[in-house]
Amino acid sequence: MLSRIAEALFWIGRYVERADGTARLLDVHLQLLLEDPRVEEGTMCSALLAVMGAPGVEGRPATRADVVSRLVLDRDHTASIAHSISSARENARRAREIISTELWETLNETNARMPHRVPADRTHSFFRWVRTRSALALGLVDSAMSRDEAWLFFSLGRSLERADMTARLITTTSVTGAGASNWSALLRSCGGYEAHLRSYRSVPTASSAVEFLLVERPFPGLGAGELSHRGGVLARHRPLERDRGTERRGAASAGSAPSWSSATSTTSCATSPRA
């Protein structure tokens, strides 16, 4: 596989997962501002901007509008939803000969329908739309892509981004407070609230929530579960190379040259969490 194709697939996985994770984070935490009077808007919004690497607001406390402007609509900021959707589509264009038509159409349509303005009373609907479109793209990959090198690079990018986003979620919750409502919001951001209740049968606490995300192997968060998945993705690539080597040796011993090229291009994909 050409390195440019591998890199494009890697970043498609990262950007789609980033759009989904950012939508989850903002949806739950902005909703928490309305439900919990103990949460200060300035503290929460400033923490969201800082954790996501967005520039802060000078001279006044940050507001919900600042968060939406910089983490949703700003197409120049690498952590925003708009930038993630646009970049996923651009990388899909570069790997057009590899990905399916359905995946290309999904990413292209999502980018075309990305609004330039989100009214305050429609933020929840918008975040739900982003999560739905991300789930559609990821579902198409899982159901229609062969488990070959293309799928491996896509899955590696997706897994790394999920680990990065989970770390940012934990940091945000630690900065804004350690109340039960904050840790419940953290688990909802990861889609793991109900799974936590089934495992611990109690209201989330700081220790149980972090342990669940970092240690609980069945859950695909930052820790054992996701690290195990990434290790499996890399392990699947190595047997592929060993099998090719076996085939080359077998063909040579039979006195015939293999019918395919043995040259395999490699890639050095950037892993900057917010590139």
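Values below: every heavy atom of this structure, side chains too, minus hydrogens, waters and symmetry copies. From a predicted model like this one, the values you see are computed outputs, not experimental measurements.
The two atoms that bring Thr78 and Ser84 nearest to each other are O-OG, 4.2 Å, heavy atoms only. Residue His83 comes nearest to His77 through the heavy atom pair CB-O, 3.1 Å, listed as atom of the first residue, atom of the second, then distance. Considering every non-hydrogen atom in both Ile12 and Ala88, the closest pair reads CG1-O, 3.9 Å. Scanning all heavy atoms of the two residues, the minimum distance from Thr110 to Trp129 falls at O-CH2, 3.6 Å. Minimum heavy-atom separation, Ala19 to Ile81: O-CG1, 4.3 Å. Here the closest heavy-atom approach between residue Asp164 and residue Arg168 is recorded as OD2-NE, 2.8 Å.
Taking a cutoff of 4.0 Å between a charged side-chain nitrogen and a carboxylate oxygen, Glu90 and Arg93 qualify as a salt bridge. Between Arg94 and Glu7, none of the side-chain N atoms (NZ, or NE/NH1/NH2) sits under 4.0 Å from a carboxylate O, so this pair counts as no salt bridge. For Glu105 and Arg89, the salt-bridge test fails: no basic side-chain N is under 4.0 Å from an acidic carboxylate O. Contact check on Arg158 versus Asp20 returns no salt bridge, with no Lys/Arg side-chain nitrogen under 4.0 Å from an Asp/Glu carboxylate oxygen. No salt bridge links Arg198 with Glu194; every basic N to acidic carboxylate O contact stays at or beyond 4.0 Å.
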- Message: As a quick check of understanding, evaluate side-chain contact (heavy atoms from CB on, under 4.5 Å) for Trp183 and Leu187, giving each step before the final call.
- Response: CA-CA 6 Å; Trp183 293 107; Leu187 292 170; 5.7 Å; no

- Task: Check the pair Asp142 / Trp151 against side-chain contact (heavy atoms from CB on, under 4.5 Å), numbers first and verdict last.
- Result: CA-CA 9 Å; Asp142 287 339; Trp151 180 83; 4.1 Å; yes

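A donor-acceptor contact closer than 3.5 angstrom links the side chains of Asp66 and Thr63.
When side chains are defined from C-beta on, Leu156 does not count as touching Ser159, because their heavy atoms never get closer than 4.5 Å.
Atom-to-atom distance recorded for Leu107:CG and Ile85:CD1 is 9.5 Å, nearest 0.5 angstrom.
Tested against Arg24, the residues Met165, Arg131, His29 include a single side chain to side chain contact (heavy atoms under 4.5 Å, CB included) partner, Arg131.
For the pair Ser208 (side chain) and Pro204 (backbone), a donor-acceptor distance under 3.5 Å is absent.
Linking ILVMFWY side-chain heavy atoms closer than 4.5 Å, directly or via other members, places Leu25 and Leu73 in a single hydrophobic cluster.
Note: Trp11 and Tyr15 have tilted aromatic rings, judged against thresholds of 30 and 60 degrees for the angle between ring planes.
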